[in-house]
Every structure is written in C-alpha cells, then in structure tokens.
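Right, one structure below, let's go through it.
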Amino acid sequence: MAQPVVFVTRRIPEAGLAPIRVACQVRLWEGNLPAPREVVRCEIAGCDGLVCLLSDTIDADVIAAGDRLRVISQYAVGVDNIDLAAATARGIPVGHTPGVLTEATADLAFALLMAAARRLLPGYENVRAGEWHTWEPLGFLGADVWGATLGVVGLGRIGTAMARRGRGFGMRVLYYSRHRSHLEAELGLEYAALGELLERSDFVSLHVPLTPATDRLIDEAALRRMKPTAVLVNTARGAVVDTAALLRALREEWIAAAALDVTDPEPLPADHPLLEQPNCLVVPHIGSATVSTRERMARMTAENLLAGLQAQRLPYTVNPEVYHG
Ligand code: DGY
C-alpha cells in the first residue's frame, strides 16, 4: 500500500521526524526560515498530513488547498496560527503538544522576571563595555523579588507552574483566570479581577492563549493601571499586549520594565523602537527551547500525526468536536 504523504514545514528534532519517515513519504521544507505561505499552499496539495509550526499561517485558504488532508499536527501547544473552524468544518483533527513544555516555559518566564528585577542585562553590558570600575553603592539597583506580589494572568498549566515558582521565591501570588482554581488553598493563591491584579502586582506575568478575547488584553488602559514600579513579563503570545501602548508605557514610565519572549510583530525587526528601550528585555520566543522539551514536543507531534493518518483519535487534539458527528 502506498505510504501517506506528509508535508513538514520545518526540520524538527529527529525524535519526531524519524517515526514519521518510517511511516510516511515526507516532503520536508529545509529552509532556515518558514516556508512562504504560497509554498505551504502548493505543497499541501495531495498531502494526507501536515506538520506545522506556530510561524506558519494555516488559514482557511491553505487548508482548502489540502484536498486530501486528514490531519494537521502542530509542533507547539498554541494553535492561534491555524484556522481551527476551517479545519473542523472539513473534519480534520488538529493536534498540538500540551503539558510537555509547561515547566520549561515557566522557567523562562521566571528567568525573565528575575533578569528584569535585578537588571542583569544592564549589568552584563556594563561589564562587557569595560565600565566595571568599582563596587557601586548606588548602581544597578533593582527590585526585590522576595516579598513582592506576582500577578499571574491565566492560570492554565503554565500559569500554575509560574505561580508555584512565585510561591517558592516567597512572593504573594494573585491570579486572574476565567475560572477559579481548585488549587487556590493548596498553593496559597489569591484570586483577583484583572484590574485589581494589575493595580496590586509588582510583576505581571501573562499566560493566556491568544484568542479574540485575549487579543490586546493588555492595552493602554491596562498598562495605565499597573504600578510605575511594575514589570510586565510575556511568554504567551505577542498580540496579547498592544505593542504601541507598551512602547509608550516604557518610554513614559507608566511601568518600570517589560521582559518579553514573544512580541507583535514576531520576529521583532532589529530596528524596532522597543529594542531601543533600556527597560525592555526581549528574547526570541525560546520558552520551550530546551533539548528534552523540544524532543518531547517532536514525539507528540509524530504521535498526533500518525494517529490521524491511521484514522485514530489524536492523543492531543484541540478540536475533539471532529469526532462527534
Ligand atoms: C508553544 O508551544 O505554543 C510555544 O509558544 C512554543 O513552544
């Protein structure tokens, strides 16, 4: 029997590619940058499966071009780049990689929080520039993390892992989420409405998926509610924050600093004004970038893909409704 044909939009770890290669005829985009949308649209024609990344736009048009498409397997937990309604309307299950990147992403969020609080980057730049002449009684003064208030926006898996870290570091932790958490008492968390959380927190960390409801959730009004000493950490999606408003907030010191793993636009061009802000730290969307996490993500991506190709239920799907009718 002919093997199913699969388009893989970028090289992923061999832990995932190898099992796919055994079972499928693989068309792999070898570029170091994402395949242009038109290339994906052409390649997907005649394919039974698609492995894609958060940097690919898998809209209704692209899905429609996949005349034989039976499964989409995303190498990420977030799927805001995929038109889920279009996939569901075609009965195509969409797989993703929840759970395995929780701790790695929370580690990075906490690293950003600490780096911004204790001004690691200005300190490092000072040393590199040969300007470390003496111990500075008044230099590089940052903010205490211990005893400070952390506001976690979105208490899903990653938000909860961030909250645990905050508690471990002696912080008071507030959270805002669509639903009250059953872990409140166990973890010592306090629920707050978003506005109250923004007003009371010394550090605000974002952990919501990007949806129409969270698009620019942190807008000018939200930023103006934060303390002038507060730090905003974003490891969720860039568009959860209104970039123009954030730029003004940093320039005009409505808040003290931002530490971002994700941006809008993404990637952030090297001449973007955010990068001229000394109170803004940006890293290139590396929340899940540990060797073992990326390997686990790759394995899950393969498991989802192969299950879909065998007409089995995907182990991790975002549109289970495709199985209900
Ligand atoms: C995801 O999986 O959605 C992260 O943003 C990247 O690993």
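Because only heavy atoms are used, hydrogens play no part in the values below, and waters and symmetry mates are left out as well, while side chains stay in. As the structure lists them, so they are numbered: ligands from 1, and atoms in each ligand from 1. It should be emphasised that the depicted structure is a prediction, and the values quoted were computed from it without experimental measurement.
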Please check: side-chain N/O of Thr214 versus main-chain N/O of Leu217, any donor-acceptor pairing under 3.5 Å?
no
Nearest neighbour in protein (non-hydrogen) for atom 2 (O) of ligand 1:
Val77 N, 2.7 Å
Near Ala76, which atoms of ligand 1 are under 4.0 Å from a heavy atom of that residue?
1 (C), 2 (O), 3 (O)
Which pair of non-hydrogen atoms, one from Gly49 and one from Leu305, has the smallest distance, and what is that distance?
CA-CD1, 4.1 Å
Does Arg10 reach the main-chain N or O of Asn32 with its side chain, forming a donor-acceptor pair under 3.5 Å?
yes
Short question: side chain of Arg313, backbone of Tyr323 - any donor-acceptor pair under 3.5 Å?
no
Kindly say whether Gly142 contributes a backbone atom to a donor-acceptor pair with the side chain of Arg119 at under 3.5 angstrom?
no
Counting only nitrogen or oxygen atoms and a 3.5 angstrom limit, does Ala236 reach ligand 1?
no
Using a strict 4.0 Å cut-off to heavy atoms of Gly78, name the atoms of ligand 1 that fall inside it.
1 (C), 2 (O), 3 (O)
Can you check whether Ser288 has an N/O within less than 3.5 Å of an N/O in ligand 1?
yes
Test of understanding: given a 4.0 Å heavy-atom threshold, classify the contact between Val262 and ligand 1 as side chain, backbone, both, or neither.
neither
Short N/O distance, under 3.5 Å, between His285 and ligand 1?
yes
What orientation do Tyr191 and Tyr175 show, parallel under 30°, tilted 30 to 60°, or perpendicular over 60°?
perpendicular
Quick note on ligand 1: atoms under 4.0 Å from a heavy atom of Leu101 include exactly 2 (O), 7 (O)
Residue Arg237 vicinity, atoms of ligand 1 by number, heavy atom under 4.0 Å
1 (C), 3 (O), 4 (C), 5 (O)
Counting from 1 in the order shown, the ligand 1 atoms closer than 4.0 Å to a non-hydrogen atom of Met297 are 7 (O)
Backbone, side chain, both or neither: what part of Leu54 comes under 4.0 angstrom of ligand 1, heavy atoms only?
side chain
Between Asn279 and Gln277: side-chain donor-acceptor atoms closer than 3.5 Å:
yes
In this structure, which one of Ile72, Asn304, Asn319, Val322 forms a side chain to side chain contact (heavy atoms under 4.5 Å, CB included) with Leu314?
Asn304
